[in-house]
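The next block holds one structure in the form of structure tokens; read it before the comments.
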Amino acid sequence: MNKGIAIYPGSFDPPTNGHLDLIQRGSKIFEELVVAILRNSEKSPMFSVAERLEMLRALTTDLNNVRIDTFNGLMVEYAKSIDAVCILRGIRAISDYEYELQMALMNRKLEPTLETVFMMPADKYSYVSSRLVREVAQAGGPVKGLVPEVVEQKLREKLEPAYKFHDANTLEVPAGEKRDEKRTSNKKKSNKKRKKKA
Ligand code: PNS
């Protein structure tokens, strides 16, 4: 296996178990794996770059050949600046392929010496994405098993006091929300009564 520095670039907003799975797999193949967080993303992120850096560092303390960094601008320029020979990207399903192929070919056009290597995360994470994790968490749903515990804790901190997770299945809805729920069900009852009368 070719030894050298590989770069695993992404947004990691937030890091998921799928990302971590890929980092672990990549760390076994490459001499050094640099997980690189894009700083100048157009998207408005849920977590700041500093928070993502902190989470990823906490998640990879036991992986001696993994380093976490951030980059701005063109990824291939950053990759060259750290002497990376390879770009690592994860592919979960066929739906990822088109975008990844386009990106890999564009990166090859920009820097022909850099190869892109695709790896598959464990199939149990094949449906996990940062976007869906954010969506589920923001709506008060459980994300246990989808993200590492460190990330679950950070999501909890970020989204409180709106919602409090206790375990994978129970969710404590804040008092205000309960009152609203009651109001809604009372409203439904009086609507039913009104309909009956009519
Ligand atoms: O996790 P993501 O959001 O799918 O990662 C996308 C990322 C950060 C790898 C990609 O957008 C990127 O490399 N951006 C840096 C700018 C760049 O080099 N663009 C040309 C890539 S074709």
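The shortest side-chain heavy-atom distance between Arg134 and Arg131 falls under the 4.5 Å cut-off. Counting only heavy atoms from C-beta outward, the side chains of Phe30 and Val66 never approach each other to under 4.5 Å.
Contact detail for Met55 and Pro15: the closest heavy-atom pair is CE-CD, 4.0 Å. The minimum heavy-atom distance between Gly90 and Tyr8, with the atom names listed, is N-CE1, 4.4 Å. Closest approach of Pro121 and Ile91 over heavy atoms only: CD-O, 3.4 Å. The shortest heavy-atom contact between Ser130 and His19 is OG-CE1, 3.2 Å. Smallest separation of non-hydrogen atoms from Gly26 and Leu88: CA-CD2, 4.0 Å. Across every non-hydrogen atom of Pro9 and Arg89, the tightest pair is O-NH1, 2.9 Å.
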**Message:** Evaluate Leu59 against Val151 for side chain to side chain contact (heavy atoms under 4.5 Å, CB included), listing each step before the verdict.
**Reply:** CA-CA 9 Å; Leu59 294 171; Val151 177; 4.2 Å; yes
**Request:** Take Val133 and Leu155 through the side chain to side chain contact (heavy atoms under 4.5 Å, CB included) test and state the conclusion after the steps.
**Result:** CA-CA 10 Å; Val133 163; Leu155 278 165; 3.9 Å; yes
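Each of Met75 and Tyr99 belongs to its own hydrophobic cluster when Ile, Leu, Val, Met, Phe, Trp and Tyr are linked at side-chain heavy-atom distances under 4.5 angstrom. Both Val136 and Leu159 are assigned to one and the same hydrophobic cluster, defined by single-linkage of ILVMFWY side chains at heavy-atom distances under 4.5 Å. Hydrophobic cluster membership differs between Val147 and Leu132, with clusters built from Ile, Leu, Val, Met, Phe, Trp and Tyr side chains linked at under 4.5 angstrom. A chain of hydrophobic side-chain contacts below 4.5 Å, direct or via other Ile, Leu, Val, Met, Phe, Trp or Tyr residues, connects Leu38 to Ile82. Clustering ILVMFWY residues whenever any of their side-chain heavy atoms sit less than 4.5 angstrom apart, transitively, puts Leu74 in the very cluster that holds Phe71.
Without hydrogens or angle criteria, Asp13 side chain to Pro45 main chain gives no donor-acceptor distance under 3.5 Å. Here the side chain of Asn40 pairs no donor or acceptor atom with the backbone of Asn72 at under 3.5 angstrom. When atom types are taken as modelled, the side chain of Arg67 and the backbone of Ala36 share no donor-acceptor pair closer than 3.5 angstrom. Using a distance-only test at 3.5 Å, with no hydrogens or angles considered, a donor-acceptor pair links the side chain of Arg52 to the main chain of Phe47.
Among residues two or more places apart in sequence or in another chain, the side-chain contact (heavy atoms from CB on, under 4.5 Å) test is passed with Asn17 by Tyr125, Pro148.
For the atom pair CG (Leu101) and CZ (Arg108), the distance works out to 9.0 Å, reported to the nearest 0.5 Å. Leu53 contributes atom CG, which lies 4.5 Å from atom CD1 of Ile37 (distance to the nearest 0.5 angstrom). In this structure, Met46 CE and Ser11 OG are separated by 14.5 Å, a value rounded to the nearest 0.5 Å. Note that the CD1 atom of Ile7 and the CD atom of Glu32 stand 11.0 Å from one another [nearest 0.5 Å]. The CG atom of Asp69 sits 8.0 Å away from atom CZ of Arg39, with the distance rounded to the nearest 0.5 Å. Distance check: Phe12 CZ to Ile68 CD1 gives 8.0 Å after rounding to the nearest 0.5 Å.
A salt bridge links Glu111 with Lys80: at least one charged nitrogen is closer than 4.0 Å to a carboxylate oxygen.
The side-chain contact (heavy atoms from CB on, under 4.5 Å) test with Leu33 singles out one residue from Ile5, Thr60, Ile23, Leu22, and that residue is Ile23.
No side-chain donor-acceptor contact under 3.5 Å links Glu98 and Gln102.
For Met120, the CE atom is loosely surrounded, since the number of other residues' heavy atoms within 6.0 Å does not exceed 12. Annotation: Met106, atom CE; neighbour count of heavy atoms from other residues, nucleotides and ligands within 6.0 Å does not exceed 12.
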